[in-house]
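Contents: one structure, followed by commentary.
Both backbone and side-chain heavy atoms feed into the values below; hydrogens, waters and symmetry mates do not.
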Amino acid sequence: MQPTSQPRNTASLTDRTRSTMTEALAGRRRGPRALLSFVGPAVIASVAYIDPGNYATNIQAGAGYGYMLLWVVLMANLIAMLFQALSARLGIVTGKNLAELCRDHFPRPVVWVMWGISEVAAMATDLAEFLGGAIGLALLFGLPLMQGMIATAVITYAILMVEQRGFRPMELVIGTFVAIIGLCYLAEMLIAPVDWGGALTGLVTPGLPDTAALTIAVGIIGATVMPHAIYLHSGLTQARATNPTAGERRRLVRFSNIEVIVALAVAGMVNMAMVIMAASAFHQGHAEVAEIETAYHMLTPLLGAAAAGAFLVSLIASGISSSVVGTMAGQMIMQGFLRIHVPIWLRRVVTMAPAFAIVAMGVNATEALVLSQVVLSIALPVPMVALVIFTGRRDLMGEHVTGPLMRGLAVLGSVVVLGLNFVLLAGFFGISVPGLG
């Protein structure tokens, strides 16, 4: 989303970034500073892949199944890389975001249905992100969960105000949170007694031993490949560079692909580290651990105060940053589908209302997190299919239309997600699935 007005003192940071990008695209500037000017959209999108929903599903995966479900994390991350790269390309080439293109090219009833599903997904997203930040703050300061939620609401709203100052300050703020999360899990890997051989086996050996593992696997995919991130990435790139030429657009797409691979590789490694930490700490003797609060309290006696502290700091950073990004995405989805602009404070209230309702009703927070990820996985095919359609249209993409290989991989990724969702729904309705106990 591009701000309508920017204060002079901080707009210059965004203006300088745009100027550096223009010079780099024209070949007049090279070096690290020129490359860094292109970094930002994929970093913001990557927050969606390390949000508190990932904590909930990854803790359950590691505690219950050890390293066995690491292959699911790897597969989900590869699918995420492909679709985020396509989303970024769509914004760069067309100058519109995915929601806007859906509004312009699909029949009106289809647009309304897509918007409704996307709004439900946005609320499910914010449920996970908002609850995660609140749980972290509540544990850190010994607060009731409701007070932690109020504190999270105030902090996220304050950060959202940064966006009024241009895209670059927000990219730097979110990038700082991503760095904090990554450093925390690097510390966890140095502390946890990891069986690296078992981890490697789990990474390259697909298998789902039972229906509970299937539910967690679908939750991992729902927590990793996020509908709102697919919408958001196209919006973050659609007007970041000013009036690029055909040659500059090709360079932009190339830089974007590199950024997506690096940013989501980091997010993928953080997700794997979450599963590995839970497997190392809980699988032998504490396989029943399934809640974020329980995991935090048990880490101190099992791995020490440093591991518990790193876990809590990363959870707070994840919850706050991903809640900010989720609100940005919700705003973009509503504006794109309906051409309706609402104040950011109202959007924040709407998206966090379900989280307050769930806590007020006494629903278990971690169970709500996991179920929200299953909802996201079921909603995910909507933007995935739309993205495959638009990026395969030569009249929209020109020379940047997806080739047979990339289009085939995108279709395959969509089929994998749809297939897992079908199996999950079959289980909910009591339909037996061959090969699963």
What pair of heavy atoms forms the shortest contact from Ile92 to Ser256, and how long is it?
-> CD1-CB, 3.8 Å
Parallel, tilted or perpendicular: rings of Tyr231 and Phe337 (30°, 60°) | perpendicular
Tyr157 and Thr327: side chain donor to acceptor below 3.5 Å = no
Considering the options Val154, Ile150, Thr156, which one meets the side-chain contact (heavy atoms from CB on, under 4.5 Å) requirement together with Thr152?
-> Thr156
In this structure, which one of Thr94, Val93, Leu101 forms a side-chain contact (heavy atoms from CB on, under 4.5 Å) with Phe390?
-> Leu101
Measure the spacing between CD1 of Ile316 and CG of Leu140 and express it to the nearest 0.5 Å.
-> 4.5 Å
For Met384 and Ile230, work out which heavy atoms get closest and say how close.
-> CG-CD1, 3.9 Å
Give a yes or no answer on whether the side chain of Trp71 reaches the backbone of Gly207 with a donor-acceptor pair at less than 3.5 Å.
-> yes
Is the closest side-chain heavy-atom distance between Pro169 and Leu13 below 4.5 Å?
-> yes
How far does CZ of Arg89 sit from CG of Leu252, to the nearest 0.5 angstrom?
-> 12.5 Å
Salt bridge (charged side-chain N to carboxylate O under 4.0 Å, His left out) pairs touching residues 23-34, sequence neighbours excluded, are Glu23-Arg29
Taken in chain and number order and not counting sequence neighbours, the residues that satisfy salt bridge (charged side-chain N to carboxylate O under 4.0 Å, His left out) with Arg168 are Glu171
For the pair His400 and Met397, evaluate side-chain contact (heavy atoms from CB on, under 4.5 Å) and give the outcome as yes or no after the intermediate values.
-> CA-CA 5 Å; His400 299 283; Met397 302 297 292; 4.3 Å; yes
Would you indicate whether the side-chain heavy atoms of Ile220 and Val73 approach each other to under 4.5 Å?
-> yes
So which heavy atom on Glu259 is nearest to which on Ala42, and how close?
-> OE2-N, 3.0 Å
Mind checking what makes side chain to side chain contact (heavy atoms under 4.5 Å, CB included) contact with Ile180, not counting sequence neighbours?
-> Thr176, Cys184, Val313, Ala317
Please assess Tyr65 against Asp210 for the test side-chain hydrogen bond (donor to acceptor under 3.5 Å, both in side chains), listing each intermediate value before the final yes or no.
-> CA-CA 10 Å; Tyr65 296 94; Asp210 51 39; 2.6 Å; yes
If we only count heavy atoms from C-beta on, is the Leu203 to Tyr67 side-chain gap below 4.5 Å?
-> no
How many angstroms lie between OG in Ser318 and CZ in Phe177, if you round to the nearest 0.5 Å?
-> 10.5 Å
Minimum heavy-atom separation for Thr237 to Gly91, with atom names?
-> OG1-CA, 3.5 Å
Tell me, do Val388 and Ser414 make a side-chain contact under 4.5 Å, heavy atoms counted?
-> yes
Identified side-chain contact (heavy atoms from CB on, under 4.5 Å) counterpart of Ser37 within the set Arg18, Arg16, Met21 | Met21
Between Phe311 and Tyr296, how do the two ring planes meet: parallel, tilted or perpendicular, split at 30° and 60°?
-> parallel
Name all pairs fulfilling the salt bridge (charged side-chain N to carboxylate O under 4.0 Å, His left out) condition that reach into residues 58-69, sequence neighbours left out, sorted by first residue then second.
-> none
Taking atom CG of Leu74 and atom CE of Met269, what is their separation to the nearest 0.5 Å?
-> 12.0 Å
Please say which of Gln238, Arg103, His233 ends up in a side-chain hydrogen bond (donor to acceptor under 3.5 Å, both in side chains) with Asn97.
-> Gln238
How close do Val178 and Ser46 get, heavy atom to heavy atom, and via which atoms?
-> CG2-OG, 4.1 Å
Counting only heavy atoms not in Met406, do more than 12 fall under 6.0 Å of its CE?
-> no
N/O donor-acceptor pair under 3.5 Å between Glu163 side chain and Met170 backbone | no
Going by distance alone, is a donor N or O of one side chain under 3.5 Å from an acceptor N or O of the other, for Asn271 and Asn77?
-> no
Please round to the nearest 0.5 Å and tell me the distance separating atom CZ of Arg251 and atom CZ of Phe38.
-> 9.0 Å
Sequence neighbours left out, what passes side chain to side chain contact (heavy atoms under 4.5 Å, CB included) with Ala357? Give chain and number order.
-> none
Here the salt bridge (charged side-chain N to carboxylate O under 4.0 Å, His left out) pairs for residues 399-418, sequence neighbours left out, are Arg250-Glu399
For Asn58 and Tyr55, indicate whether the former's side chain and the latter's backbone hold a donor-acceptor pair under 3.5 Å.
-> no
Within the distance-only criterion (no hydrogens, no angle test), does the side chain of Ser87 pair as donor or acceptor with the backbone N or O of Ser234 below 3.5 angstrom?
-> yes
Enter the distance from Ile320:CD1 to Ile155:CD1 here, rounded to the nearest 0.5 Å.
-> 4.0 Å
Minimal non-hydrogen separation, Ala134 against Met149, with atom names | CB-CG, 3.3 Å
